[in-house]
Amino acid sequence: MGGPPRIPLLERRLLFVTGKGGTGKTTIAAALAQLAAERGKHVLACDVDAKGDLAALFEAGPVDFVGREVAPGVVAMSMDTEASLREYLKLYLRIPVVGGLGPLAKTLDFVAAAAPGVREILTVGKLCYEVRERHYDLVVVDAAASGHIVSQLAAPQAVNDLVKVGLIRSQTDWMLEILSDPRRTGVVAVTTPEEMPVNETLELAGRIRSETTVQLSAVVVNRVLPELFGLHEEEAFEEVYAHTEGLSKLLGGDAGPLMEGARLAVTMRRTRAEHLRRLREGLGSEEASAGAAPAPVLYVPYVFSRAHGLRSMRQIALALGEELGL
Amino acid sequence: MTPGRTARPGRGGRPRPTRSPGRGEQFEGAAGDRGPDAAGEPHRPPGRPKEGTLDGLVASKEIVIACGPGGVGKTTTAAATAAMAAHHHGGRVLVLTIDPARRLADALGLSTQGRGGHAHHHGGGLGNTEQRIPDEMFRAATGTSPRGELWAAMLDTKASWDELVRMHAPNARTRDRILANPLYRNVSGRFVQSHDYIAMERLYELHSQGKYDLIVVDTPPTRNAIDFLDAPARMADFFSSPLLRWLTASYRSRVVNFASRPFYLVADRILGSQFLGDIAEFFILFQSMYSGFVERAEAVTRLLSDRRTTFLVVSTLEATPVREAEYFARALVSRKLPLGAIVLNKVLPAYLRDRDTAQLAEQLRDGSRSLGERLSSQLGTEPDLTARVLEEIADSFLNFGVVARREAEQQADLATRPEVLATVPYFDADIVDMGGLLRLGALMWN
């Protein structure tokens with residue numbers, strides 16, 4: 001049939017999309033949700049930071065903990081730990097809580113401030129619950145940035161270590177079962193071909209493997225610049241560059257800035273290519289040391305467009321779909 | 001008080017360098033007029049910095065806090081600011097980074113190990129203890145020694161919490177019990193929110209020691225960029241809450257009264273009594289440090305709004321970071337905190353937005369066939385190949401032009417105007433050493 005091999009990323013049930021700030025993890029999360037929905041899946045897209053950026057990409061207004069359909073097949077919600085606690089109490093203790101939680105919520109705030117892990121558990125717990133109850137085919141999480149995601153994913157294990165008996169303990173057991181199953185749960189690390197994002201991604205890959213039970217399912221490289229010149233073209237460019245004045249005469253205007261622009265584009269692309277190479281190599285040796293196959297790397301081109309939001313997100317979804325072999 | 005710290009510089013006692021900006025004077029030498037080409041120029045006459053520039057702003061402060069959304073070059077901006085201040089203003093300058101990802105170490109060329117693993121468990125590199133950056137690094141980059149000293153430290157959350165407990169615990173027994181409490185160990189080592197508070201606390205500690213003339217802080221990547229501003233106040237609230245007192249008091253006395261009973265029944269079922277016991281112990285022990293903590297948190301809050309402190313909001317001109325930066329700048333203003341500058345990083349060069357050149361690019365793209373033929377006859381190159389290259393040059397220019405214009409619009413839309421607005425052009429090479437840091441710094445400075 002040709003084309004790239006199919007990568008079964010969207011067949012998972014729970015995807016945590018993370019990455020260094022500024023790499024576009026929210027856009028990638030939205031694009032994954034969009035792609036899955038276009039293929040007939042019923043998708044929950046959850047914004048953990050509650051900044052509303054995820055829903056904004058669908059241009060359908062703000063969403064809350066309950067969630068709302070923002071595109072055909074995509075329900076978006078934003079995480080709210082107090083609402084999550086309320087839901088939890090209602091489900092497991094049959095304590096209906098009307099309105100605010102009062103002293104209990106305040107206590108929770110204190111416990112969460114002093115003994116975090118509680119907040120993380122309520123976040124991860126709600127997401128795992130949606131997976132367990134099969135309310136959706138796929139839950140895509142616009143998760144915490146790479147500096148924080150490990151704490152979030154490791155929270156069930158951490159709490160499991162702390163709490164030996166009680167309801168919480170039995171809760172973390174089933175959460176861990178879902179999180180540890182690579183067929184159901186995965187992390188998608190978003191990066192850009194720049195130095196610091198690549199460093200952070202490699203560090204993240206190591207920490208996910210050593211500190212959590214979750215699998216790194218894919219690395220998405222966002223904003224990959226197109227190659228400007230092919231092999232012989234580069235030589236031809238150098239000749240034209242050396243002859244800028246001649247071109248200026250032919251054009252009847254200063255071609256200098258055009259040439260500088262092309263030079264800048266070439267330099268940017270070249271610096272980035274080096275980081276891409278480092279990323280692939282780093283991921284390869286990282287996984288080899290673990291005796292596993294490296295996570296697939298998916299490339300999303302830089303979108304040169306005025307548009308933000310829905311239009312540019314759809315362009316990115318198209319590119320991602322191609323990379324996944326859909 | 002602080003055992004285990006070695007290699008600390010001597011305290012105070014040294015005369016501080018004069019750092020008052022030159023008022024009423026016009027351009028100081030040529031420093032302000034240098035273009036980006038001279039950016040690498042290491043040594044400039046020790047003239048007085050200009051007002052309305054980052055140079056002038058930083059020269060009169062003792063604390064500079066770099067904040068803003070993630071991924072915009074906050075850490076690098078902080079490091080470059082500190083390096084420039086140490087190099088040109090003199091004095092003892094410390095850059096304190098908080099980011100667990102160790103990016104500052106990369107930029108300073110200090111971290112060559114531990115990538116992809118537990119970088120923070122390796123020895124060497126940056127640590128909670130301040131380290132002097134060797135003058136040799138400046139000399140290698142610029143050929144001259146810095147006027148002052150550059151120091152760097154990385155926040156180690158766990159070590160900083162332990163130090164805080166040692167400082168405030170009423171006695172050795174309480175101290176040991178806190179340090180051994182399983183909940184405490186989780187708070188200090190494992191989880192992230194505690195970064196917010198401890199970062200500001202450590203800043204306060206370092207500042208009050210008086211060893212440094214300037215401390216530049218890189219703020220933690222918080223869920224919301226402003227979380228850390230509220231962290232000291234939250235900490236104080238936490239310890240002074242009547243609810244917390246009620247909770248721990250009733251647990252301590254084991255008097256199961258009518259008011260607390262249902263709560264414990266529920267809590268027991270959710271958490272299990274062992275965990276509940278750990279929580280209660282943790283709170284009870286922490287309460288013994290109440291007054292020390294609250295006083296401290298209040299002092300930290302005061303320091304943030306001090307006149308000697310300034311905030312740099314760092315951003316790029318992409319839509320999401322700009323929105324967050326703007327929000328952050330407004331939050332600073334509404335809290336009466338000193339917003340000193342907005343630093344816009346990675347800005348594409350202005351010539352990419354030039355309308356005439358864009359028209360020329362369109363002309364080039366549309367006429368690439370015939371232009372290619374004519375040019376190739378002059379150059380002796382292959383016509384098709386030349387036409388293709390011309391078309392690609394034109395396309396590339398038009399593509400980047402779209403992005404550059406989008407950026408310019410974002411910048412024009414910035415509603416908050418601080419004292420200093422610095423734009424830093426796109427840097428075509430990665431910053432891997434002091435030379436890069438100083439080149440970037442020079443671009444920010446004026």
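Each chain gets a letter, A, B and so on, in the order its sequence line appears, and its residues count up from 1.
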Are any side-chain N or O atoms of Gln378(B) and backbone N or O atoms of Gly246(A), one a donor and one an acceptor, separated by less than 3.5 Å?
no
Could you pull out every donor-acceptor pair under 3.5 Å between side chains of residues 391-400 of chain B and any protein atom, sequence neighbours left out?
none

Non-neighbouring partners of Thr192(A) that pass side chain to side chain donor-acceptor pair (under 3.5 Å), sequence neighbours left out
Glu194(A)
Under 4.5 Å, counting heavy-atom pairs only, tell me which of Leu379(B), Thr381(B), Val403(B) racks up the most with chain A.
Leu379(B)
Mind checking whether Met268(A) and Tyr426(B) have side chains closer than 4.5 Å, heavy atoms only?
yes
In terms of heavy-atom pairs under 4.5 Å with chain B, which of Ala265(A), Gly230(A), Pro257(A) leads?
Pro257(A)
Give, as side chain, backbone, both or neither, the part of Leu225(A) having an atom under 4.5 angstrom from any heavy atom of chain B.
side chain
Select one option (side chain, backbone, both, neither) describing which atoms of Glu382(B) are under 4.5 Å from chain A's heavy atoms.
neither
Which one, Leu352(B), Leu371(B), Asp354(B), leads in non-hydrogen pairs under 4.5 Å with chain A?
Leu371(B)
Applying the side-chain contact (heavy atoms from CB on, under 4.5 Å) test to Phe237(A), which of Leu390(B), Thr386(B), Val389(B) qualifies?
Val389(B)
Nearest heavy-atom neighbours spanning Arg323(B) and Asp53(A)
NH2-OD1, 2.8 Å
Nearest heavy-atom contact between Leu385(B) and Ala236(A) is CD2-CB, 3.8 Å
Using a cut-off of under 4.5 Å for heavy-atom pairs, which of Glu260(A), Glu234(A), Lys249(A) has the most such pairs with chain B?
Glu260(A)
So, do Asp254(A) and Thr357(B) sit near enough that their side-chain heavy atoms are less than 4.5 Å apart?
no
Return the option, out of Ser285(A), Gly261(A), Gly282(A), with the maximum number of heavy-atom pairs under 4.5 Å with chain B.
Gly261(A)
Let me know if Ala255(A) has heavy atoms under 4.5 Å from chain B in its side chain, its backbone, both or neither.
backbone
Gap between atom CG of Leu250(A) and atom CD of Glu373(B) - 0.5 Å precision
12.0 Å
Quick check on Glu318(B) against chain A: is it the side chain, the backbone, both or neither that has a heavy atom closer than 4.5 Å?
side chain
For Arg269(A), is it the side chain, the backbone, both, or neither that has a heavy atom closer than 4.5 Å to a heavy atom of chain B?
neither
Taking Arg406(B) for its side chain and Ser305(A) for its backbone only, find out whether a donor-acceptor pair lies under 3.5 Å.
yes
